[in-house]
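Report on the structure given below.
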Amino acid sequence: MGEQPIYTTRAHVFQIDPSTKKNWVPASKQAVTVSYFYDSTRNSYRIISVDGSKVIINSTITPNMTFTKTSQKFGQWADSRANTVFGLGFSSEQQLAKFAEKFQEVKESAKLARDKSQEKVETLSNHSQESGRETPSTTQASSINGTDDEKISHVGPEAAVLKTENERLKSAVELSNTNAKKWETELQTLRENNARLVDALQESSANVESWKKQLSACKEESDTLREKIAELEAQCAEADLEKQKNAQLTVRVQELEAELNDKEQELENLRKQAEIIPQLMAECESITTKMQAAETKNGELEGRIGGLQLDINDSQQKQTQMKGELKKFMDILDGKIDELHEFRQGLSKLGVDN
């Protein structure tokens with residue numbers, strides 16, 4: 001069956017800078033296909049990504065590898081065999097989570113495959129050791145006792161036990177041979193894969209200069225973009241200042257418009273009042289005429305008041321004189337009344353005497 005893809009996604013591929021071991025170097029100009037492959041022959045898993053005709057990821061997953069999420073959409077893992085660190089940038093968090101989940105699943109499968117392979121190797125080693133220990137004794141017994149038929153005829157039940165053991169050893173040897181052929185096949189597959197990897201490495205080496213040139217161009221472009229970004233940031237700062245000034249000017253304009261509306265209202269009121277001015281002037285002239293007439297009348301009245309005041313003064317003097325004369329008259333009257341009273345008393349006394 002060979003290798004078969006079991007999961008495929010798309011992502012931007014990066015590799016750690018071998019010189020600094022800190023910066024990321026883009027391995028693809030755009031998002032490329034990244035796939036998990038399963039090799040049923042070798043019972044192994046690989047992550048493979050190809051950009052055009054160039055292999056940019058060829059990483060065999062081992063149980064010791066760990067996929068780390070360094071941000072919401074970026075993850076990485078280290079490949080000790082390739083002596084590098086791969087990084088993948090996804091377009092969404094869901095794709096990153098799915099890839100990490102698949103990585104963990106494949107890692108567990110690789111661990112189980114390694115454990116099974118170790119068990120097989122230990123089993124083969126045990127069989128080989130048993131074959132090495134038991135085969136000489138069987139050969140020695142055959143040389144001493146003759147063929148199996150002779151042993152059966154001469155020994156009896158022990159020959160049957162030895163024959164059974166011999167058959168078991170033959171089966172173990174055949175199994176060992178079969179496993180040896182299988183390992184030879186896997187070794188041949190490994191050699192072919194190594195040859196392909198060597199070709200890919202040579203191709204990568206041939207593309208190193210191109211990558212360096214592209215990297216230099218990218219760095220120059222990055223520097224240019226940084227300068228442009230700095231200029232744009234400065235322009236943005238100036239634009240922010242202009243926006244603040246415009247906002248202040250807008251507030252000032254609104255205030256001036258409000259003041260202008262107030263002034264226009266006042267002007268309109270003044271215009272309305274100006275329309276009334278001729279009428280007010282006519283009224284003022286009429287009032288002035290009336291005031292003059294009133295002043296004339298007032299003058300006449302003042303003259304009359306002056307005459308009346310003189311009359312009042314004369315009347316007051318006459319009243320004063322009359323009061324004085326009336327007082328004198330009253331005094332005389334009181335004297336007369338007293339005399340009359342005395343006269344009445346005299347008359348009363350005369351009447352009593354008589």
Side-chain angles (χ1 to χ4, degrees), residues 9-34 49 51 56 66-78 84-101 103 210-288:
T9 186
R10 293 183 66 83
H12 291 271
V13 180
F14 299 86
Q15 287 188 7
I16 201 71
D17 189 348
S19 59
T20 62
K21 297 295 184 181
K22 294 181 179 179
N23 300 326
W24 289 106
V25 179
S28 61
K29 296 181 179 180
Q30 57 186 1
V32 295
T33 301
V34 181
S49 179
D51 186 8
I56 55 178
T66 302
F67 184 82
T68 305
K69 297 179 183 178
T70 57
S71 67
Q72 293 181 348
K73 298 180 181 180
F74 192 87
Q76 66 182 47
W77 78 96
T84 187
V85 179
F86 294 102
L88 297 179
F90 296 90
S91 60
S92 66
E93 298 180 20
Q94 291 77 11
Q95 290 182 349
L96 174 60
K98 183 65 176 176
F99 189 89
E101 180 182 352
F103 192 97
S210 175
W211 292 346
K212 288 181 179 179
K213 292 179 181 179
Q214 292 178 3
L215 178 60
S216 178
C218 289
K219 286 182 178 179
E220 293 178 357
E221 184 178 359
S222 177
D223 294 336
T224 305
L225 290 174
R226 286 176 181 173
E227 292 176 357
K228 290 182 178 180
I229 289 171
E231 294 176 357
L232 290 174
E233 288 178 350
Q235 293 177 2
C236 288
E238 293 178 358
D240 292 336
L241 292 176
E242 291 296 331
K243 286 181 180 179
Q244 293 178 358
K245 292 181 179 179
N246 290 335
Q248 295 175 356
L249 290 174
T250 302
V251 173
R252 182 57 181 165
V253 167
Q254 291 176 354
E255 293 176 353
L256 292 175
E257 287 178 352
E259 293 179 0
L260 181 60
N261 291 330
D262 295 338
K263 296 296 182 183
E264 288 179 351
Q265 187 66 33
E266 292 179 1
L267 182 60
E268 186 66 24
N269 295 332
L270 291 174
R271 286 177 181 173
K272 291 179 180 180
Q273 293 177 2
E275 293 176 355
I276 305 174
I277 287 175
Q279 182 181 356
L280 293 175
M281 291 295 292
E283 292 179 357
C284 286
E285 291 177 356
S286 176
I287 291 170
T288 302

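Being a predicted model, the structure only gives us computed values, none of them experimental.
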Item to complete: For Glu227, enumerate each residue passing the side-chain contact (heavy atoms from CB on, under 4.5 Å) test, keeping only those at least two apart in sequence or located in another chain.
Response: none

Discussion item. Quick one about Ser91 and Gln95 (side-chain donor to acceptor, distance below 3.5 Å, no hydrogens or angles considered), yes or no?
Written reply: yes

Item to complete: With rounding to the nearest 0.5 Å, note down the distance linking OG1 in Thr33 to CG in Asp51.
Response: 9.5 Å

Worksheet item: Step by step, would you call Lys228 with Glu231 a salt bridge (charged side-chain N to carboxylate O under 4.0 Å, His left out)?
Response: CA-CA 5 Å; Lys228 290 182 178 180; Glu231 294 176 357; over 6 Å; no

Worksheet item: Taking atom CD of Glu283 and atom CD1 of Ile276, what is their separation to the nearest 0.5 Å?
Response: 9.5 Å

Worksheet item: Taking atom OG1 of Thr84 and atom CD of Gln76, what is their separation to the nearest 0.5 Å?
Response: 10.5 Å

Fill in: Gln72, CD: over 12 other non-hydrogen atoms inside 6.0 angstrom
no

Worksheet entry | Euclidean distance, Ile287 CD1 relative to Met281 CE, rounded to 0.5 Å | 11.5 Å

Item to complete: Would you check if Glu259 and Leu256 make a side-chain contact, meaning some heavy-atom pair closer than 4.5 Å?
Response: yes

Worksheet item: Can you name the side-chain contact (heavy atoms from CB on, under 4.5 Å) partners of Leu270, sequence neighbours left out?
Response: Gln273

Worksheet item: What's the spacing between Glu242 CD and Gln235 CD if we round to 0.5 Å?
Response: 12.0 Å

Fill in: Within-4.5 Å side-chain heavy-atom neighbours: Val13 and Leu88
yes

Worksheet entry | For the student: nearest non-hydrogen atoms of Ser71 and Leu96, plus distance | O-CD2, 3.6 Å

Worksheet item: Do the ring centers of Trp24 and Phe74 come within less than 6.0 Å of each other?
Response: yes

Item to complete: Determine whether Ser28 and Ile56 make a side-chain contact, defined as any pair of heavy atoms from C-beta on separated by less than 4.5 Å.
Response: yes

Worksheet item: In Å, rounded to the nearest 0.5 Å, how long is the span from CG of Leu280 to OG of Ser286?
Response: 12.5 Å

Worksheet entry | Pairwise side-chain contact, Phe86 with Phe14, heavy-atom cut-off 4.5 Å (strictly under) | no

Worksheet item: Is the distance between the ring centroids of Phe90 and Phe99 under 6.0 Å?
Response: yes

Fill in: Result of checking Lys263, Glu268, Glu264 against Glu266 for side chain to side chain contact (heavy atoms under 4.5 Å, CB included)
Lys263

Worksheet entry | Residue Lys272 excluded, over 12 heavy atoms near NZ under 6.0 Å | no

